[in-house]
Structure formats: C-alpha cells, structure tokens
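A short write-up of the structure that comes next.
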Amino acid sequence: MTALLIDGKKIAGELRARIADAVSAMHGRGVSPGLAVVLVGDDPASDVYVRNKGKAAEAAGIRSFEHRLPAATPEADVVALVRRLNADEAVDGVLVQMPLPAHISAARVIGEIAPAKDVDGLTSVNAGRLLLGETGLVPCTPQGSIILIKSVLPRLEGKNAVVLGRSILVGKPLALLLLAENCTVTIAHSKTRDLAALCRSADILCAAVGRPRLVAGDFVKEGAVVIDVGINRVEDGGKARLVGDVDFEAASSRAGAITPAPGGVGPMTIACLLRNTVLAAARRRGLPDPNL
Ligand code: NAP
C-alpha cells in the first residue's frame, strides 16, 4: 500500500484564505485583529518562526506586532511587556515564543497572558476549558492536526488513537481533542512499554516526541492515518536537514494516509494561530465566531 499524502501546505493555504476573508469582513465592521509576538533572545529557529508568523498574519490582513527582547532581559520586564499587551486594545492575541532563556520561568510568563488573548491556548484557563469541553482557545498544533486527520477521515468516532508524547503544547491537548471526537485514546511517553505494539493498535497514530524517525514502519497498522508532528534537525551527509518523528518512507508503505514532515503539521500550526487570533478578536467584542 502507498499512503495518501496529507498536504498540510494546501490545507493550511485554504484555511488561511478563509481567515483572510473573515478578517476582511471584520475590517468592514471597523474591527482590525492584531497579533503580538514576543521573542526573547536570538535562537535562530525561534527567529524564523516569529518572522513566519508575522508574515502570515500580515498576509491575512492581521496586524502584526513583533517585540524582540535581548536574551538577558529580566523576567520582570517580560512580564511587564505581557501586561502591557494584555491592556492594549489593538492587540487580540499575545504569543510568547518558546523556549525562553533559562533565567525566565515559562510558566510565570504564560500565567500572565490574559486568557482572552492566549492564542497559543497555554494558560491554565484555556487548558481547563479544553478539559471541560468548554469554548476556549485551543493550542494551534493539536488543532491543526485534527483538521488534517479529518481531511482524510471525516468521522473519528470509535477509532483507536495513539498519541506519542504528553507535552502541554502538543500531546495532552491533542489527546483531549481526539477524545472529544469520541476516539478511544492512549497517550504514550518515554516510560511506555512496547511502543511498537501499542502503535500497531492505532487507527490514528500521532507522533509528537522530538525523536528523529522513532516511529518505524512496523509501528504502523495497515491503513492507519499517521500524523507526524515532529520537527528534528539532523545531519545528513554533512548537511543539516529537518525530519519528523516518523520514518516517512517505511511508514508510507503501510499507512492509509500520512503527513510529510516538514510540510504537514507545521503550516497548519501557523494557520491555526491566525484562526485563534480572529476568534479572539471576535469574542472580545461579543461578535459571533467567524465560520472557519
Ligand atoms: P516535548 O515537550 O519535548 O515532549 C516530548 C514528549 O515525547 C514527552 O512527553 C516525552 O515523554 C515523549 N518521548 C520522548 N522520547 C520518547 C520515546 N523514546 N518514546 C516515547 N515517548 C517519548 O516536545 P513537544 O513540544 O511536544 O514537541 C514534540 C515534537 O513536535 C518536537 O519535534 C517539536 O519540534 C515538534 N513540534 C512541532 C510543531 C509544529 O508546528 N509542527 C509544533 C510544536 C512542536 P516524557 O513525558 O515521558 O518525557
């Protein structure tokens, strides 16, 4: 079997076009959604992510505010900036790019973000809403992963889903979203025994571990939907390149559908960040959620 390729770039492009339409309709009502991104330090990968987020926001008609702070910025100054952005009427979404330098507590800074502007969905309030099944802002990568799964499998009810990884950013919220779709969900992590056998039970297999090609071909059930969240930098013949957590070639010979990495989940993460910004902008003003 050769798997169907789930084209994250294309699906993200379609979502971004719908977002641009929604933003244009909001402009017509005098609402101009804005996204503020805070980057502390000069990590090159984070720099690229922040630049891409800003460009994507502007392409969708969303105002982008970049705040770049030196690596040595005290935690109190980052907190003060977040509080200013919380109070800024032009800002609908506040995103603090991770990782933060070691002297700054990510939990402390995230805890300061106003839940209504928490477009990464990382505050306790939004995490709690997701757990309770209430409306909130859902983390972008899991949200994007669900859209990709549904592009090939519209009804998820009763499917066995295995999520590799239990981070607050990806694994846990993705598991909750799959549960909300009535999947039977198992979360695996570094202490899980016989990972290969567990993964082979999955109709939907999502890998978010940060281990290059951990998911080998024999982890994949015939016909399964495989979502590769991983972005790992590896040396290949003296050149650096990005690979996912899944051995793509081996897995595609067994999977029914699979995301490439890069080019699968990554573009969806950015599109869902824009989606969250538009939802936050509408909700803050008591407007109905745009249909995205
Ligand atoms: P993380 O916080 O480092 O969490 C990794 C998880 O994987 C942990 O729960 C860990 O288990 C588990 N794990 C590690 N080694 C394992 C193993 N050998 N077997 C089973 N589980 C194992 O990472 P993250 O933030 O969730 O990110 C995961 C990957 O996704 C990374 O490659 C990251 O770059 C990528 N990512 C991509 C996007 C995107 O937009 N495409 C967005 C975010 C993240 P323990 O909890 O037991 O330690």
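Atoms within each ligand, like the ligands themselves, are counted from 1 in listed order.
The shell of residues lying under 4.0 angstrom from ligand 1, judged by heavy atoms, excludes Thr192. In this structure, Gly171 falls outside the shell of residues with a heavy atom less than 4.0 angstrom from ligand 1. Assignment of Thr141 to the shell around ligand 1 is supported, since a heavy atom sits closer than 4.0 Å.
The nearest heavy-atom contact from the protein to atom 11 (O) of ligand 1 is Ser190 N, 3.2 Å. Arg166 N, 2.8 Å is the protein heavy atom nearest to atom 9 (O) of ligand 1. The protein heavy-atom contact nearest to atom 5 (C) of ligand 1 is Val209 O, 3.6 Å.
In Arg211, the part holding a heavy atom less than 4.0 Å from any atom of ligand 1 is the side chain. Using a 4.0 Å cut-off between heavy atoms, Leu164 makes no contact with ligand 1 at all. The parts of Val229 lying near ligand 1 are both backbone and side chain, judged by heavy-atom distances below 4.0 Å.
Geometrically, ligand 1 and Asp245 share no nitrogen or oxygen pair separated by less than 3.5 Å. For a threshold of 3.5 Å applied to N or O pairs, the pair formed by Ile231 and ligand 1 contains at least one separation below that value.
At a threshold of 4.0 Å, the pair Glu235-Lys239 does not count as salt-bridged, since none of the basic side-chain nitrogens sits closer than that to a carboxylate oxygen. Classification of Arg213 and Asp245 as a salt-bridged pair fails, no side-chain N sitting under 4.0 Å from a carboxylate O.
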